[in-house]
Amino acid sequence: MRPTILASLLAFALPAAALAMPGAPPGQTAPAYVTTAMNDPARGSDRDDDARRQMAAVMAFAEVKPGQKVLELAPGSGYWTRVFSAIVGPAGRVYTVWPDEMWKHSAKSYANWQKLVATAHYGNVSLLKQPAAELSAPAKVDLVFTVQNYHDYHDAFMGPVDMAKFDKLVYDALKPSGVFVVIDHVAPAGSGLADTDTLHRIDPAVVKKEVESAGFVFDGESDALRNPADSHTAKVFDPSIRGHTDQFIYRFRKPAK
């Protein structure tokens, strides 16, 4: 049986806080450090989105812990970054990657990001600006994480990127036993890459094949963001589905050496 979100939760040994987890048995809660991070007052309005975006479930599935190093691809508004920062704490590090090809199209977001990394509260967050196809980090990391951006790397404005080489760079950035977590919008089964630039969706089977080809082992999936009501045929920005698309959450592990 493939690992599930519950299996990931049971792997934590630290005390839990009273934050219920979706899909888990009654009484199962998130690790205390996840709850504490989510309740950080500095997150402000971010907390309004935690239930919809299943923050606690995603953090548990990603297996992020205090003291770890995280590499986050295309961090956008920083919604996930702010929790990563609080979880890994002063002994950890969060490296955020802004691909050159992306920040040029998001000048306002990039400017906000420069302010975030200059804030003392986020002193463990670093900004890495580099070409999309040349991923690198100052140190080996425990987790590489990307949300709703894996499909972008296939599009013309990003290069497109040679994904065989890119996923190998992700693999090389990780410590042995480190994990690569990919969250993205689901495209119709069998559609391949046909919808990455039009609907901003990707066939999960393509992602699995590409990442496994780099040497990763598929290590489980979570259904925390699945939505069976999504037809997979509308653009993700369509008002009828925006914010509620069917999304897959895959975890891939670099084998231990």
Side-chain angles (χ1 to χ4, degrees), residues 8-9 12-21 29-100 102-130 135-149 173-175 178-181 183 224-225 243 249:
S8 295
L9 290 172
F12 288 98
L14 294 182
L19 183 63
M21 300 293 297
T29 54
Y33 48 80
V34 171
T35 305
T36 299
M38 290 174 61
N39 289 332
D40 180 358
R43 294 186 65 226
S45 61
D46 280 355
R47 287 178 286 182
D48 295 340
D49 281 338
D50 287 347
R52 177 179 63 84
R53 303 184 75 172
Q54 299 292 352
M55 171 63 80
V58 171
M59 289 296 101
F61 186 74
E63 300 181 347
V64 61
K65 301 177 182 70
Q68 288 189 335
K69 292 182 175 64
V70 176
L71 181 64
E72 184 183 2
L73 307 179
S77 68
Y79 172 79
W80 301 97
T81 312
R82 285 183 274 275
V83 169
F84 280 135
S85 174
I87 290 176
V88 302
R93 198 77 194 173
V94 182
Y95 303 111
T96 59
V97 176
W98 272 89
D100 291 341
M102 187 170 285
W103 73 261
K104 292 175 182 178
H105 295 276
S106 306
K108 183 176 180 180
S109 293
Y110 182 68
N112 289 337
W113 204 258
Q114 291 176 303
K115 294 177 182 177
L116 183 144
V117 297
T119 303
H121 189 76
Y122 296 107
N124 61 355
V125 178
S126 298
L127 168 62
L128 305 178
K129 191 170 74 68
Q130 53 195 227
L135 180 69
S136 63
K140 296 289 186 181
V141 301
D142 301 279
L143 167 67
V144 177
F145 184 85
T146 182
V147 176
Q148 301 174 355
N149 286 301
L174 284 162
K175 300 176 183 178
V179 295
F180 181 25
V181 172
I183 303 174
L225 292 173
I249 308 175

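- Considering every non-hydrogen atom in both G243 and R52, the closest pair reads O-NH1, 3.0 Å.
- When all heavy atoms of Q54 and A224 are compared, the closest pair comes out as CG-O, 3.3 Å.
- V97 places a side-chain heavy atom less than 4.5 Å from the side chain of Q130.
- Residue pairs meeting the side-chain hydrogen bond (donor to acceptor under 3.5 Å, both in side chains) criterion with at least one member in residues 139-148, sequence neighbours excluded, are D142-K175, Q148-Q247.
- Residue pairs that meet the side-chain hydrogen bond (donor to acceptor under 3.5 Å, both in side chains) test with at least one member in residues 109-119, sequence neighbours left out, are T96-W113.
- Considering every non-hydrogen atom in both Y122 and L116, the closest pair reads CB-O, 3.8 Å.
- Side-chain atoms of L128 and S136, non-hydrogen and from C-beta on, never get closer than 4.5 Å to each other.
- Taking all atoms of both residues into account, the shortest heavy-atom contact from S126 to R93 is OG-NH2, 2.6 Å.
- Under 4.0 Å is where a charged nitrogen must lie from a carboxylate oxygen, and between R82 and D40 no such pair does.
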For residues 74-81, tabulate all N or O donor-acceptor pairs below 3.5 Å that involve a side-chain atom, not counting sequence neighbours.
from	atom 1	to	atom 2	distance (Å)
Y79	OH	D50	OD1	2.7
T81	OG1	E72	OE1	2.5
T81	OG1	E72	OE2	3.4

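- Residues M55 and V83 meet the side-chain proximity criterion, which asks for heavy atoms closer than 4.5 Å.
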N149 vs L73, side-chain contact (heavy atoms from CB on, under 4.5 Å): CA-CA, chis, key distance, verdict: CA-CA 8 Å; N149 286 301; L73 307 179; 5.8 Å; no
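- V64 and L143 get closest at one heavy-atom pair: CB-CD2, 4.2 Å.
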Test log, rule side-chain contact (heavy atoms from CB on, under 4.5 Å), inputs M38 and R43: CA-CA 8 Å; M38 290 174 61; R43 294 186 65 226; 3.9 Å; yes
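- For A37 against I87, the heavy-atom pair with the smallest separation is CB-CG1, 3.5 Å.
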